[in-house]
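Only this structure's heavy atoms are used, side chains among them; waters, hydrogens and symmetry mates stay out. Predicted model, so just to flag it, every value in this text is computed and none were measured. Just so it is clear: chains get the letters A, B, ... in the order the sequence lines come, proteins before strands, and each one is counted from 1.
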2 protein chains.
Amino acid sequence: MGRLAPVRRASTVDLIAERLREAVVDGSLPPGTVLGEAELAYQLGVSRGPLREAMQRLTAEGLLVIPRRRGLAVRTMTPEDVRDIHWLRARIEPELGRRILTLPAAERRTVLAELGAEVKRMQRALKKDDARALGDAYLDFHRVLAAWGGSLRLARMLGTLLIETRLCTFSMFEHFEVHRDLVAEHVGFVEALAAEDGERFEALVQVHLEAEVRRLLAEPEDATEDESDRLLAETPGEPQPLDRLDLPEGL
Amino acid sequence: MGRLAPVRRASTVDLIAERLREAVVDGSLPPGTVLGEAELAYQLGVSRGPLREAMQRLTAEGLLVIPRRRGLAVRTMTPEDVRDIHWLRARIEPELGRRILTLPAAERRTVLAELGAEVKRMQRALKKDDARALGDAYLDFHRVLAAWGGSLRLARMLGTLLIETRLCTFSMFEHFEVHRDLVAEHVGFVEALAAEDGERFEALVQVHLEAEVRRLLAEPEDATEDESDRLLAETPGEPQPLDRLDLPEGL
DNA sequence: GATAATCTGATTGTCGACAAACTTACAATA
DNA sequence: TATTGTAAGTTTGTCGACAATCAGATTATC
């Protein structure tokens, strides 16, 4: 008697949340973007009720902020956030290698195949000098890691951290900006796993994350003309950045 | 000119979420509890709108599950969850000691004082054999650790993990159940910090968390085939975003 | 001329209501 | 007697509307 997985249809709230997450990830809603509920609800083809519910969820995930009576805004990450997020990632991701190496051989091969595919995507993107594609492959590489290396909770948590990482990139530079070393570093991850060298994997990931922080903080947004200033001005920034206003309460 | 912290009034949603969190923590809403929206909204004195928004937030935090068309239910933790949560805590909490030790001397003293106070609370509770008070002090001890050892994000994340830990206790035993060794272990934490021995602190916390898992899983409460199991089966976390349907596009 | 007070327009926060969906109970049939 | 089909009842999911609130602009005052 084969056991069937329970059917689970996504609710409207799920759909909206996912749609918004995508928009944040692909850059169509850059950090600092302020949106009105009515307008956004109309665009999504839903009423304000479910939209507001989805907003609460994304707020809990740290992607959105809800300034009182000002709709919603995409969170702007500060250098503080960059360090924070990467510190957390550094606590978790290096360990994932060890976990993956304890998997049955068959599954382990699958993981390696999937990771290899993502690395190939990265290489192709690098060749085409397509920073966006490179970033996407990067995201998926680490998602694969999270999916296989841990539980659902862990995968979800890391997934959020990864999207936040993307937000860091957008917040620090104003376009996709990915370093070339990135691909080489990820080749190293896969090699370490293939060699079943958990220690080495751990060390490499650690180094990678530290490098990422340096790269992200190296160029502290020289806020030059155009777009950036407009957005920055929209967020009543100076005394207190918008983001600080409405962080979810509680410890 | 003293810099004033911006006022932040809690929104209704914040209030509701906080109230629900409290109820979960103090055991008045044990795992598996199923609640109807209308009834609960009436009890809280709000309408269903804000309540539903708060539900989404707590769902994102992993405290609630929202079975379709069945209102809301307090999450029931499985042995899997127990391991998972403590694994995550074990990645983070041991490091907090090191961080606290890098604080300025004055603040460090404050931390030690606060931690000491919580330990005293634990001792008093133990003497009175008051498991609930002991659990509360435990919670606050680790909250202090989180508050001083990291960023807001980290404190929030750990706060959630701690509440989930409490849910684990309720799910495994159905009443407050705290081991006696607990107090001694925490005395050890404080001593290690007082001695500025980060290594030792790390090791002790690690041991403590492993012990907790053992204690929680030692007596797997025979999950009787009732409500809670059905609900759990219905909502095993979030599905991978493979199944994304399309939103009804713009009216 | 600059600061303060007032007004207005727009948007949110909240609520009540309706319809669809689901559960449960009951009845009918094999 | 067990199983399937049917129907009623309850609850959710969603929407539309109203009022309080706030931001921005305008006017008045020192």
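Across all strands, A/Val13 comes closer than 4.0 Å to no nucleic acid atom at all (heavy-atom distances). Among the atoms of the strands shown, none is found under 4.0 Å from any heavy atom of A/Gly49.
Along DNA chain D, the nucleotide closest to A/Arg69 and the one closest to A/Glu53 are compared, and the more 5′ of them pairs with A/Glu53.
Residues B/Leu88 and A/Ile92 have side chains in contact (heavy-atom distance under 4.5 Å, counting atoms from C-beta outward).
Candidate nucleotides D/dT12, D/dC15, D/dT21 were compared by shortest atom distance to the side chain of B/Arg52, and D/dT12 ranks first. The side chain of B/Glu37 lies closest to D/dT12 when the candidates are D/dT12, D/dC15, C/dT24. The listed nucleotides are C/dC15, C/dA21, D/dC15; the one nearest the side chain of B/Pro50 is C/dC15. Checking C/dT23, C/dC15, D/dC15 against every side-chain atom of B/Arg70, the shortest atom distance belongs to C/dT23.
Atom C1' of nucleotide C/dG13 and atom CG of B/Leu51 are separated by 15 Å, given to the nearest angstrom. Atom pair B/Arg48:CZ and C/dG16:P shows a separation of 11 Å (rounding to whole Å applied). When the P atom of D/dT11 is taken as reference, atom CG of B/Leu35 falls 13 Å away, rounded to whole Å. In this structure, B/Leu40 atom CG and D/dT12 atom C1' are separated by 14 Å, rounded to whole Å. Atom pair A/Glu39:CD and C/dT12:C1' shows a separation of 15 Å (rounding to whole Å applied). Rounding to whole angstrom units, CG of residue A/Leu72 and C1' of C/dG13 are separated by 15 Å. Taking atom CE of residue A/Met55 and atom C1' of nucleotide C/dG13, one finds them 11 Å apart after rounding to whole Å. We find that CD1 of A/Ile66 is positioned 17 Å from P of C/dT11, with the value rounded to whole Å.
Nearest heavy-atom pair across A/Leu161 and A/Ile85 is O-CG2, 3.8 Å.
For A/Arg68 and B/Ser11, the side-chain atoms include no donor-acceptor pair closer than 3.5 Å.
OP1 or OP2 of C/dC22 lies within a sub-4.0 Å distance of a side-chain N or O belonging to A/Arg9.
The CD1 atom of B/Ile66 lies 8.5 Å from the CG atom of A/Asp14; values are rounded to the nearest 0.5 Å. For the atom pair CG of A/Leu154 and CH2 of B/Trp87, the computed distance is 5.0 Å after rounding to the nearest 0.5 Å.
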